[in-house]
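The structure appears below as structure tokens.
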Amino acid sequence: MGSKMEGPSTPAIRRDPYEVLSVSRDSTDQEIKTAYRKLALKYHPDKNASNPEASELFKEVAYSYSILSDPEKRRQYDSAGFEALDADSMDMEIDLSNLGTVNTMFAALFSKLGVPIKTTISANVLEEALNGTVTVRPLPIGTSVSGKVEKQCAHFFGVTINEQQAESGIVVRVTSGAQSKFKLLYFEQDVNGGYGLALQEDSEKTGKVTSAGMYFLHFQVYRMDSTVNALAMAKDTEAAFFKRLEGLQPCEVSELKPGTHIFAVYGDNFFKTATYTIEAICAKSYEETTHKLKDIDAQILRKRNELRQFETEYRRALARYQEVTERYTIEKQCVDELLKQRDSIHSSFTVARSINISGSNGNLSNGSTSKVTGEDPRVESPGEDGGSADGKDKSGKKKWFNLNLRGSDKKLI
């Protein structure tokens, strides 16, 4: 429920937001809000038409408030300054009233594809509300009103509650069976008689309808902003999980006092009118549901804190995993290369040996073998002329073809 006003532009030179709003670092949310409203009224362009510096100061005040009024952004700034915000500032936020037809078509296409796109509220609507020139229709508790609102326009409703209803709690809900895009707005009474935007809730698709609601139940209520870090999450699948609960943002207003309170339905469609049904309900008959809401939000907050710690562990383990997998790849390549070199050396050795044998013993016939090594050094090898190696005549020794075969000749005769 209720985010802040439309996203302010970033000043050219950024000062410490605590210094800009003249508050201390331990200031409460209410103290920051009070300081902002005081300075916003002081530097509002409508009241300083002849002072161009006031417009820049107004932007600086709005930008500082956008940081300190958001618990997550404030935590990031306190821990790491503007750098932490710059690394996380990937959300898209556009003013449809300043877009041409072509750009509007592209924005509509991205939205249709599921890309969350923040849209600002028309300056004309905010100015008319601030001047108190808007038409406010009554919306009694326990009733509903249906209608169609043009794009970048708003229908205003006044919800009057008594003391008992205020004590029980109030819920204001808007639904659209046509799945129109819209914003539910809550305005607070301005000192000048107009209405200043305090909260806004973008419609979300739930089942076959789009809906938005604001809950004033006397305890801290939270809203889920699906556009928080949307583009950054799209680039990192792990971040899409760990940042999923970061969109749970606390609402600035948790209860309403007796009296009349101003709500509005703002047409946020890109081209056509938005069809809606708005209703105001007293929470007294929903006590069990109220307790369930309080309990589930508490569980989500605890889980978010656990995930923040777990993300640190996960990132560290993931970095270590990537390190060892990279080493695995390197070691595998190294082993493959070593074995390849070994096989190459073996192949080279075998080929060289075969060439040596054929070159030194070319008269070997097929199938013959030759002793290259292992010969007995005591065995004398013959000389070139068939003699002994030392030149001595060994004819005294009988050879097989000089054996006396006379006895055998006689037998044959």
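Computation of the quantities below employed the complete heavy-atom set of this structure, encompassing side-chain atoms and omitting hydrogens, waters and symmetry-equivalent molecules.
Residues Asp26 and Tyr18 form no side-chain contact, since every pair of their non-hydrogen atoms from C-beta on lies 4.5 Å or further apart. With a 4.5 Å cut-off on side-chain heavy atoms, Arg75 and Tyr77 do not count as touching. A 4.5 Å side-chain heavy-atom check between Arg137 and Phe156 finds every atom pair outside the cut-off. Put simply, the side chain of Leu217 reaches to within 4.5 Å of the side chain of Leu293, judged on heavy atoms. In this structure, the side chains of Leu126 and Leu197 come closer than 4.5 Å at one or more pairs of heavy atoms. With contacts defined as side-chain heavy-atom distances shorter than 4.5 Å, the pair His261/Ile161 qualifies. Residues Phe241 and Leu307 form a side-chain contact, since some pair of their non-hydrogen atoms from C-beta on lies under 4.5 Å apart. A heavy-atom distance below 4.5 Å is found between the side chains of Leu21 and Ile32.
With hydrogens and angles ignored, the 3.5 Å screen pairs no side-chain donor or acceptor of Thr34 with any backbone N or O of Glu31. Here the side chain of Gln220 pairs a donor or acceptor atom with the backbone of Cys251 at under 3.5 angstrom. Side-chain atoms of Ser348 come within 3.5 Å of backbone N or O of Ser344 as a donor-acceptor pair. Under a 3.5 Å cut-off, the side chain of Gln179 and the backbone N or O of Lys208 do form a donor-acceptor pair. The backbone N or O of Thr275 sits less than 3.5 Å from a side-chain atom of Ser176, completing a donor-acceptor pair.
By the neighbour-count criterion of 12 heavy atoms within 6.0 Å, atom CZ of Phe219 is densely surrounded, having more than that number from other residues, nucleotides or ligands. Within a 6.0 Å sphere centred on CD of Gln341, heavy atoms belonging to other residues, nucleotides or ligands number more than 12. Environment of CZ in Arg25: crowded, with over 12 heavy atoms of neighbouring residues, nucleotides or ligands closer than 6.0 Å. The neighbour count for Glu167 CD, taken as heavy atoms of other residues, nucleotides or ligands under 6.0 Å away, does not exceed 12. Other residues, nucleotides and ligands place no more than 12 heavy atoms under 6.0 Å from the CD atom of Glu53. With a 6.0 Å radius and a threshold of 12 heavy atoms from other residues, nucleotides or ligands, Gln164 has its CD atom at or below the threshold.
For the atom pair CD1 of Ile262 and CD of Gln189, the computed distance is 7.0 Å after rounding to the nearest 0.5 Å. His291 NE2 to Tyr286 OH: the interatomic distance, rounded to the nearest 0.5 Å, is 15.5 Å. Rounding to the nearest 0.5 Å places OG of Ser168 at 13.5 Å from CD1 of Ile281. With rounding to the nearest 0.5 angstrom, the NZ atom of Lys294 is 13.5 Å from the CD atom of Gln299. In this structure, CZ on Arg342 lies 10.5 Å from OG on Ser347, to the nearest 0.5 angstrom. Atom CD1 of Ile300 and atom CG of Asn305 lie 12.5 Å apart (nearest 0.5 Å).
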Trace of the side chain to side chain contact (heavy atoms under 4.5 Å, CB included) decision for Phe157 with Val145 | CA-CA 10 Å; Phe157 298 90; Val145 174; 3.9 Å; yes

Full working for side chain to side chain donor-acceptor pair (under 3.5 Å) between Ser27 and Ser24 | CA-CA 5 Å; Ser27 297; Ser24 61; 3.1 Å; yes

List the steps, then state whether side chain to side chain contact (heavy atoms under 4.5 Å, CB included) holds for Leu185 with Leu199.
-> CA-CA 6 Å; Leu185 312 178; Leu199 306 172; over 6 Å; no

Steps toward side chain to side chain contact (heavy atoms under 4.5 Å, CB included) verdict (Arg14, Tyr63) | CA-CA 9 Å; Arg14 295 181 294 187; Tyr63 178 73; 3.3 Å; yes

Taking it one step at a time, do Glu246 and Arg308 satisfy salt bridge (charged side-chain N to carboxylate O under 4.0 Å, His left out)?
-> CA-CA 10 Å; Glu246 296 298 334; Arg308 286 173 178 172; 2.9 Å; yes

Derivation of the side chain to side chain contact (heavy atoms under 4.5 Å, CB included) call for Arg244 and Arg304 = CA-CA 9 Å; Arg244 189 174 180 183; Arg304 183 172 68 180; over 6 Å; no

Is there a side chain to side chain donor-acceptor pair (under 3.5 Å) between Ser146 and Thr277 once you walk through the steps?
-> CA-CA 4 Å; Ser146 298; Thr277 298; 2.9 Å; yes

Show your reasoning for whether salt bridge (charged side-chain N to carboxylate O under 4.0 Å, His left out) applies to Lys332 and Asp336.
-> CA-CA 6 Å; Lys332 183 178 182 299; Asp336 290 344; 3.3 Å; yes

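When all heavy atoms are compared, the tightest approach of Glu201 to Ala212 is CG-CB, 3.6 Å. Across Leu68 and Arg74, no two heavy atoms sit closer than the pair O-CD, 3.7 Å. Scanning all heavy atoms of the two residues, the minimum distance from Val209 to Gly177 falls at CG1-CA, 4.0 Å. When every heavy atom of Ser180 is checked against every heavy atom of Thr273, the shortest pair comes out as OG-O, 4.2 Å. Looking at every heavy atom in both residues, Ile67 comes nearest to Lys73 through O-CB, 3.7 Å. Across all their heavy atoms, Ala129 and Val134 have their closest contact at N-CG1, 3.8 Å.
Listed by first and then second residue, the salt bridge (charged side-chain N to carboxylate O under 4.0 Å, His left out) pairs that reach into residues 279-289 are Glu288-Lys292, sequence neighbours excluded.
Residues satisfying the side chain to side chain donor-acceptor pair (under 3.5 Å) criterion with Thr206, sequence neighbours excluded, are Ser211.
At a threshold of 4.0 Å, the pair Glu306-Lys303 counts as salt-bridged, since one of the basic side-chain nitrogens sits closer than that to a carboxylate oxygen. A salt bridge links Arg320 to Glu323: at least one charged side-chain nitrogen sits closer than 4.0 Å to a carboxylate oxygen. For Arg15 and Glu60, the salt-bridge test passes: some basic side-chain N is under 4.0 Å from an acidic carboxylate O. Ion pairing between Lys151 and Asp268 fails under the 4.0 Å rule for side-chain N and carboxylate O.
The aromatic ring centroids of Tyr266 and His155 lie 6.0 Å or more from each other. Between Tyr186 and Phe263, a ring centre-to-centre spacing shorter than 6.0 Å is recorded.
Below 30°, between 30° and 60°, or above 60°: for Tyr36 and Tyr65 the angle between ring planes is below 30°, a parallel geometry. Tyr314 and Phe310 have tilted rings, their planes meeting at an angle from 30° to 60° on a 0 to 90° scale.
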